[in-house]
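Just so you know, ligand 1 is whichever comes first in the structure, and atom 1 is the first atom listed for that ligand.
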Amino acid sequence: MKICVFGTGYVGLVTGVCLAEVGNTISCVDIDQNKISNLKKGISPIFEPGLSELLANNIKSNRLFFTTNPIESIENSEIIYIAVGTPSDENGAANLKWVKEVAGEIGRYLNGNKTIILKSTVPVGTNILVKTIIQEELKKRGKPYHFNMISNPEFLREGCAINDCMKPDRIIVGCENSEAKELILRIYKPFIDDPNQVLFMDLKSSELTKYAANAILATKISFMNELSMLCEKLDANIEDIKRGISLDHRIGPHFINAGLGYGGSCFPKDVKALIHSANEYSLEFPILNAVEEINQIQRTRFIQLILSKLKPLSKVSIWGIAFKPGTDDIREAPALEIMHALIKEGHSICAFDPVASENSKKYFLETAPNLSHLISYCDDQYMALDNSDTLVISTEWEPFKEPDFERIKKSLKSNTIFDGRNIYNLGLMKELGFNYHSIGRPAILTSR
Ligand code: NAD
């Protein structure tokens with residue numbers, strides 16, 4: 001099939017590459033010249049395991065093309081995916097500017113009967129809005145083309161996006177007729193074992209399913225974080241409680257880690273957008289307001305704890321900047337807020353992240369140009385500790401989990417670790433003589 005994908009971000013690029021891998025001819029369109037010229041050379045704008053290899057193979061096999069020209073891509077494709085960003089606007093609503101722009105372009109250049117698939121996370125009514133924009137443009141041109149509008153929200157997780165796309169647990173599809181259903185089953189046949197993995201519903205329910213999924217996962221995280229606050233008051237251990245509830249099949253082991261809360265490009269904006277949608281219908285959605293509030297409190301508490309223990313003008317090592325392991329995405333990452341708070345107080349930082357340092361450099365140059373000189377970056381997790389007073393763990397990357405503790409101890413002047421992800425064993429920290437602060441567990445305080 002000939003397919004074009006608008007947007008070469010985490011979703012559009014992975015979708016394009018995976019659709020090419022199973023034999024389709026894909027044209028990926030983006031407005032970002034720099035991204036497209038790099039992609040043409042096989043250089044991925046994002047870190048995603050397995051992506052670069054698939055990118056190179058499919059470019060070489062002439063199945064994957066990149067362009068900033070939407071006209072040719074629309075004209076030569078039978079299927080058009082929209083996978084552009086939908087970040088929060090100033091009111092918390094999903095900003096549909098980019099989705100609407102693409103809809104306008106499709107309407108202006110559509111040259112036959114085609115299928116439009118909206119993959120971006122969008123509020124209820126957006127598929128109909130996109131359809132209307134396209135129809136209006138077609139009307140202006142006097143072109144009575146027929147097109148099917150399909151809602152197909154994406155559930156891939158950064159860090160394992162290729163696998164999620166190639167082997168999805170389910171595919172949500174909102175559509176209006178059997179022709180659309182048949183086409184979707186054809187597109188996704190190579191990715192599924194059983195057609196029952198494709199769940200068909202109306203457009204609105206499909207749009208809302210995506211928000212429901214992210215909101216419930218964020219709710220689980222905030223629930224555990226609120227419980228972690230009580231654990232700290234009671235000297236109970238949130239990790240034991242996690243183990244205790246995770247074996248209950250009704251609860252399960254996922255998304256019940258207490259820590260620095262959720263971040264990334266999806267949960268924060270999608271929780272906000274769902275609240276905003278509810279407000280438009282005079283519903284408060286109190287549970288999600290609490291989810292957001294707890295997420296913020298949890299970070300603020302951790303930052304205040306760190307600041308309260310630091311001597312003036314300390315040097316702090318940060319392990320992990322990405323919002324979660326496996327990605328270079330730093331959007332809404334807790335580390336950024338911690339780093340901002342530290343440099344604002346005059347502390348200096350040496351940070352290490354396996355893949356996100358470049359994004360962090362750019363971010364602090366933009367958001368704290370006068371203080372960004374206080375942050376340096378190391379290519380090695382242990383070098384980041386040299387002459388530091390304390391270590392803060394903000395992302396649970398694998399190499400941080402079983403480190404050389406003796407080396408850490410030798411390097412850190414205050415022997416203190418603030419672990420925002422609860423990756424170390426309390427008993428071990430005590431035995432090794434660290435001052436160790438984690439989330440929802442008793443602090444270990446040993447003097448040097
Ligand atoms: P992103 O910000 O990484 O990428 C969006 C891309 O769209 C950018 O490269 C931008 O230049 C491009 N773009 C903007 N306007 C364009 C236009 N007119 N024509 C062509 N390209 C254009 O976004 P993302 O993280 O890939 O997310 C895309 C959508 O998918 C969002 O709605 C998001 O909520 C949703 N989603 C994201 C994830 C994730 O893990 N990132 C997971 C599931 C769903």
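Going from atom OH of Y10 over to atom CD of E48 covers 7.5 Å, rounded to the nearest 0.5 Å.
Residue W98 holds the heavy atom nearest to atom 14 (C) of ligand 1 of all those in F155, Y211, W98, Y10.
Residue-to-ligand polar distances place V11 within reach of ligand 1: an N/O pair is separated by less than 3.5 Å.
Among protein heavy atoms, the minimum distance from atom 4 (O) of ligand 1 is reached at G9 CA, 3.2 Å. With hydrogens left out, the protein atom closest to atom 32 (O) of ligand 1 is T86 OG1, 2.6 Å, a heavy atom. The protein heavy atom nearest to atom 12 (C) of ligand 1 is D30 OD2, 3.3 Å. Of the protein's non-hydrogen atoms, E154 O, 3.3 Å is the one closest to atom 43 (C) of ligand 1.
Ring orientation note: the planes of Y81 and Y188 are nearly perpendicular, at an angle over 60° on the 30°/60° scale. Below 30°, between 30° and 60°, or above 60°: for F418 and H437 the angle between ring planes is below 30°, a parallel geometry.
F147 is linked by a ring pair (Phe, Tyr, Trp, His ring centres under 6.0 Å) to nothing, counting only residues two or more places apart in sequence or in another chain.
Residue W319 is tested with F400, F352, Y377 for a ring pair (Phe, Tyr, Trp, His ring centres under 6.0 Å); the sole match is F400.
Residue contacts with ligand 1, taken as heavy atom pairs separated by less than 4.0 Å, do not involve A94 at all. Contacts between R157 and ligand 1 below 4.0 angstrom, taking non-hydrogen atoms only, are absent altogether.
R301 and E232 are joined by a salt bridge, as a carboxylate oxygen and a charged side-chain nitrogen come within less than 4.0 angstrom of each other.
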